[in-house]
Amino acid sequence: MKRMLKTVVAASIALTASVASLTAKADEVNVLMFGMPYTNGLQALAADFEAETGIKANIDVVGQDVFENRITLTFTGGTGDIDVVHTPVIQVQRWIQAGWLQPMTDAVAEMPGAADILAGPLGAYNVNGDQWALPFFAGVGLMSYREDVLEAAGVGVPETWAEMLEIAPKISNDEHAAIALRAVPGQGFNMFIFPMVMRAYGGSFFADYEGGDLTPAINSPENVEALKVYVELINEYGPEGAGNFNFAEVNAAAQNGQIVFAVEGTGIISQIVDPDKSRFAENTGIALPPGGPAGRSPAIGVHGMGIPASAANPDLAAKFIEWAVSAETVSKIALAQSFPDFTTASVAENPDVVAKYAAIHPDFLSTRVAALDLAIGHYRPLIPEWPALGQAIGESVNAAINGLMSPEDALEQAEQDMRDILGL
Amino acid sequence: MGNTLAARRGATYELQQGYRLMMLPAVLAVVLFAIVPLAGMFALAFSDYHLIRGTNWEFGWRNFVRMLSDKRLMNSVYVMAALSVFGVIAQVLIGSAVAVGLQKITGRWRVGRVLFLLPYAVPHVAVALIWLSLFTPTLSPINAFFDLFGVTVPAFLTSQWGAIFAIVVADTWTNFPFAMLIIMAALQGISPDLEEAAAIDGATRVRTFIHITLPLLTPALLMITLFRFIDSLKHFPMIFVMTKGGPGRSTQATNYYAYVQTFQNSNVAYGAAIAVMLFLTAALISYHVAKLNQRVTT
Amino acid sequence: MGRIVLRGVQKDFGADTVIPPLDLEIDEGEFVVFVGPSGCGKSTLLRLIAGLEDVTAGAIDIDGVDATDAAPGKRGLAMVFQSYALYPHLTVAQNIAFPMRMAKLSTAEQTRRIDDAARVLNLTDYLDRRPGQLSGGQRQRVAIGRAIVREPTAFLFDEPLSNLDAALRVGMRLEISELHKRLKTTMVYVTHDQVEAMTMADKIVVLNAGVIEQVGSPLELYNAPRNLFVARFIGSPMMNILEGRAASEHGAAAIGVRPEHLSLSTASGAWAGRVGLSEHLGSDTFVRVTLDDVDEPLTVRAAGERHFNVGDTVHVSPDADKLHRFDESGLRVV
């Protein structure tokens with residue numbers, strides 16, 4: 001019975017997925033990415049790769065939900081129809097645990113270009129002594145602010161979240177709210193922003209992550225205090241409906257002049273300060289996100305490219321990744337797209353790239369580097385269970401924002417959810 | 001050989017063979033893309049397949065037992081029921097009203113037929129994005145308009161019932177044309193003589209509608225309700241785009257919860273078990289639809 | 001009760017006038033048949049009386065009351081449709097009861113009238129069936145039953161027999177005629193079939209292109225058609241019309257003579273011609289004769305069985321008393 005059922009599972013997944021794998025060919029490399037400026041830019045350069053190497057690259061860029069469905073099918077079925085896969089650092093531990101990726105340690109050792117990759121993001125993919133992917137994107141948390149509004153109110157740029165709370169009432173009026181922050185639940189949504197407040201107040205997800213004690217500690221007094229700040233900022237000093245804001249709404253509110261402060265990833269901040277996109281850009285400044293008693297911890301999100309365990313052409317895949325993160329390719333994308341989040345160090349020395357982003361905002365690239373320096377690699381814990389934990393905590397944070405639960409109860413529930421997920 | 005067989009068994013046999021051949025691609029497609037994955041889903045639902053915790057391929061009822069005491073699942077069923085019931089009622093009512101209106105309207109306004117179909121052609125993700133902006137106070141022209149008069153329209157997406165209302169509105173906007181189409185076809189099948197006869201028999205327009213038109217539309221109304229209800233069990237894009245299941249977990253309908261379990265929590269087996277439950281519910285309703293359809297059409 | 005008067009009634013559909021201003025009186029208890037070719041406006045006229053169409057101009061009085069703007073249900077009329085228009089979801093009894101339900105009659109009264117109607121129309125055994133389970137003739141009777149129970153001031157029939165086969169049609173014709181005799185209620189009946197008109201009507205209204213060509217009893221129309229259109233439309237087979245020399249001999253632009261008013265002779269007669277095809281009905285023989293200088297062959301009715309060979313020369317003579325003369329505008333010359 002057991003064997004029969006197992007066979008059914010394997011057979012059904014394989015049969016369904018193999019229809020997709022019929023397209024896999026020996027001299028082609030199949031790449032699956034989800035949509036963001038870099039991947040869109042990469043897709044447009046597929047012909048360059050073929051021209052340089054003679055290898056045809058089929059670069060598929062899909063929506064994030066479609067992406068998750070497809071990889072789950074492909075990886076579970078082991079069908080080998082994907083050679084290079086978009087690998088967010090937040091997923092890499094889970095995928096390694098599930099046996100979905102193959103290490104590319106040896107391949108990377110032979111890549112001269114690997115030395116040009118920023119050490120922090122590169123290290124994020126070093127798990128259990130092996131390199132599992134190469135990064136192409138490192139988005140960090142930054143803050144944008146309306147210089148004219150602060151000047152008129154006679155206040156400075158807040159260095160801490162507490163200062164932000166002090167300033168907020170002075171700059172909120174009928175025309176604009178003080179701040180907008182991501183509120184919708186999700187490890188990549190509110191859980192990209194909220195940990196900046198958590199960590200500023202000395203909070204953490206676990207009792208001692210670095211020391212290896214993964215006992216949940218989300219209900220700590222520090223975290224409760226941080227959540228109260230987060231909730232107060234959004235509810236008291238955010239625009240109408242801020243309890244359901246995601247990055248798109250934050251972006252729009254900033255570009256429409258409906259908010260003074262936005263704390264967001266570089267991708268959004270770069271649009272808020274871009275004179276081509278926002279008519280308030282000329283009066284918008286950039287700063288590091290606020291800190292707190294425990295210092296400043298800008299958000300960081302890293303994306304890279306890895307090779308699935310089942311890949312049909314791992315060698316070609318490595319070749320493709322090497323090309324995709326090379327200074328030349330990344331420079332082209334940085335120039336063609338709105339993409340200042342590159343992790344290939346020498347691109348920052350490319351005069352065209354520097355000129356382009358300086359034209360958007362003179363402080364942009366320098367503030368980004370400063371934030372990258374401050375960011376800790378495990379801003380969001382690098383453990384396989386993170387997607388589940390981030391989802392559950394994000395739901396609790398959102399429930400507190402929208403008044404479904406008190407911050408204390410919300411984090412108490414998150415604590416319980418964490419224990420359930422971790423099997424404690 | 002085929003020739004002699006056909007000759008012996010007659011032309012009807014040959015025709016039957018042809019018809020069976022015509023069904024072959026559909027049968028193959030169903031087996032390949034429905035039956036096989038379905039069998040896999042059922043098997044997974046009884047397994048312990050978990051992407052992180054590891055899998056021992058032990059099969060049993062544990063996922064279904066867990067479902068019985070899963071409060072989040074119960075909550076998701078309530079959310080799904082609310083979305084489905086309100087959505088389907090709104091779609092059927094609005095769809096019918098528009099269909100009846102369009103049937104009576106003559107002249108230039110008949111372009112409404114095409115116009116009203118457009119929402120049905122818009123992909124669900126796009127529909128969700130449109131309504132997300134309309135329900136986001138900082139983006140919505142509705143809010144901007146009322147702001148002119150100093151009236152603040154509440155933010156719907158930040159409360160449970162507001163968010164459910166918003167999703168129902170988006171779902172209704174895109175799906176009422178389905179009800180409209182079916183009702184329009186059903187109305188076309190009702191002879192105009194009947195309304196005239198009723199008018200001469202002394203019935204007012206309202207009584208004609210209640211006593212004649214409505215009873216004749218009943219089969220179509222039942223079909224739409226059940227079809228839409230089955231479809232509404234698959235609520236996902238609207239929730240995913242508009243609320244991500246929030247505020248808190250209050251718009252996590254069952255299908256969305258299955259997604260969370262499968263893709264966020266890596267608990268593929270439990271997600272499959274929930275999917276199996278949804279499938280069985282839909283199958284049960286479909287079975288009754290098919291039976292009803294048979295009764296109505298014969 | 002049941003006197004209907006149309007005064008200057010006109011109907012336009014958009015820019016098209018389908019019925020130019022028209023006057024008509026329908027007397028109490030009369031059986032009036034509107035007859036004419038398809039598209040002549042007879043059904044539209046009936047629907048105007050019923051109130052299913054609004055008049056563009058003019059007035060309709062029913063029993064001395066202006067009903068021009070009255071709702072169909074308020075005119076006290078009952079109508080039987082060509083399609084029967086039975087409510088498919090209701091049983092026979094419920095169908096018949098429908099107008100009484102709308103009028104909020106007591107249940108006892110409803111039952112009484114349903115039973116009466118069912119008895120008269122032989123529907124007693126079918127009261128619990130739905131229309132879909134009935135034959136065409138039975139459906140027709142249900143439609144009539146639904147009309148009867150209203151006890152209307154007048155019945156309107158819109159081509160009620162055209163969906164029935166020939167044999168049933170003859171039977172239903174008689175049933176409707178008998179019904180009229182018994183109820184003595186005004187009936188307005190639309191048909192394109194002149195045989196129905198001739199056999200059922202007290203008064204026939206011949207319509208052509210929305211205009212009344214003639215109003216009269218069947219025999220008046222048969223004996224004295226007011227113009228060529230009526231002359232051709234009434235009577236079967238159609239009246240023979242001759243123009244040219246034969247007409248001018250009688251001092252008319254055209255003359256008409258019915259097949260039954262022509263006699264055949266192999267020896268001598270008014271007009272000579274050659275025999276074409278013959279139709280043998282047993283009781284009669286219709287012989288087609290092509291005159292020497294006339295294109296259209298004449299139809300001659302000969303009693304009993306007469307045999308001619310195609311191409312035989314025969315002589316045809318009209319019965320002088322039964323000759324119809326028409327002037328250049330097609331009007332009857334007296």
Side-chain angles (χ1 to χ4, degrees), chain A residues 1-3 5-13 15-16 19 63 65 68-69 72 76 94-95 97-98 100 177 180 183-187 189 239-246 248-249 252-253 256 258-259 384-385 387-388 390-392 394-396 398-405 410 421 423, chain B residues 32-33 35-44 46-47 49-54 57-59 125 129 132-133 135-140 143 147 152-160 163 166 236-237 240 242-250 252 259-268 272:
Chain A
M1 180 65 184
K2 173 179 161 178
R3 174 174 291 180
L5 284 168
K6 192 177 168 183
T7 314
V8 169
V9 175
S12 64
I13 292 171
L15 220 146
T16 315
V19 179
D65 48 333
E68 292 196 16
N69 271 312
T72 306
T76 308
R94 184 167 82 119
W95 292 1
Q97 182 89 9
W100 284 352
V184 293
Q187 67 85 13
F189 308 124
E240 190 71 21
N244 193 54
F245 271 28
N246 202 352
E249 288 77 24
N256 295 334
Q258 290 162 316
I259 52 172
E385 291 86 356
Q391 172 73 23
E395 288 164 359
S396 276
N398 180 273
I401 293 169
N402 290 307
L404 269 56
M405 278 185 266
I421 290 163
Chain B
L32 257 178
F33 298 111
I35 308 270
V36 170
L38 205 62
M41 187 178 79
F42 268 82
L44 273 179
F46 287 94
S47 77
Y49 190 47
H50 193 291
L51 295 181
I52 299 168
R53 287 188 195 162
W57 294 114
E58 286 167 4
F59 293 90
V125 172
L129 282 170
L132 172 61
S133 342
F135 280 109
T136 300
T138 47
L139 299 175
S140 172
N143 289 72
D147 280 347
T152 306
V153 178
F156 284 92
L157 294 173
T158 53
S159 71
Q160 174 171 25
F236 185 81
F240 184 77
M242 290 175 71
T243 67
K244 299 276 188 300
R249 290 167 176 165
S250 57
Q252 284 187 358
Y259 157 83
V260 170
Q261 284 292 353
T262 309
F263 293 105
Q264 306 290 342
N265 294 4
S266 305
N267 198 342
V268 179

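Both backbone and side-chain heavy atoms feed into the values below; hydrogens, waters and symmetry mates do not. These numbers were taken from a predicted model, which means no experiment stands behind them. Quick note on labels: first sequence line is chain A, next is B, and so on, each numbered from 1.
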Tell me, for B/Ser140 versus chain A, whether the close heavy atoms (under 4.5 Å) come from the side chain, the backbone, both or neither. neither
Contact class of A/Ala180 relative to chain B, heavy atoms under 4.5 angstrom: neither
Spatial distance of atom CG (B/Leu157) from atom CD (A/Glu249) [nearest 0.5 Å]: 9.0 Å
Least distance between heavy atoms, A/Gln97 atom then B/Ile52 atom: NE2-O, 3.2 Å
Considering only heavy atoms, which portion of B/Tyr259 lies under 4.5 Å from any heavy atom of chain A: side chain, backbone, both, or neither? side chain
Per-residue tally against chain A (heavy atom, under 4.5 Å) across B/Ser266, B/Ser133, B/Ala272 peaks at B/Ser266
Could you look at B/Gln261 and say if it's the side chain, the backbone, both or neither that has a heavy atom under 4.5 Å from chain A? neither
Sub-3.5 Å donor-acceptor pair from the side chain of A/Glu395 to the main-chain atoms of B/Arg249, do we have one? no
Is A/Asn256 reaching over with its side chain to a backbone N or O of B/Thr138, donor-acceptor style, under 3.5 angstrom? no
Looking only at heavy atoms, what is the nearest atom pair of A/Asn398 and B/Gly246, with distance? OD1-CA, 4.0 Å
Rounded distance (nearest 0.5 Å) linking atom CG of A/Asn402 with atom CD of B/Gln160: 11.0 Å
Under 4.5 Å from a heavy atom of chain A, the part of B/Val153 involved: backbone
What is the distance from atom CG of B/Leu132 to atom CG of A/Asn246, rounded to the nearest 0.5 Å? 8.5 Å
Contacting region of B/Phe135 [heavy-atom separation from chain A under 4.5 Å]: neither
One option among A/Gly186, A/Gly241, A/Gly243 has the most heavy-atom pairs under 4.5 Å with chain B, and it is A/Gly241
For A/Arg94 and B/Thr262 the tightest heavy-atom approach is NH1-O, 4.5 Å
Interatomic distance, CG@A/Leu404 vs OG@B/Ser250, rounded to 0.5 Å, equals 5.0 Å
Segment of A/Gln391 engaging chain B (4.5 angstrom heavy-atom cut-off): side chain
Note: B/Gly248 and A/Pro185 closest approach over all heavy atoms is O-CG, 4.0 Å
Pick one of side chain, backbone, both or neither for A/Trp100, based on which atoms fall under 4.5 Å of a heavy atom in chain B. side chain
Contacting moiety of A/Glu240, where chain B heavy atoms sit under 4.5 Å: both
Do B/Gln264 and A/Gln187 have a side chain donor and acceptor closer than 3.5 Å? no
How far does CZ of A/Phe245 sit from OG1 of B/Thr136, to the nearest 0.5 angstrom? 6.5 Å
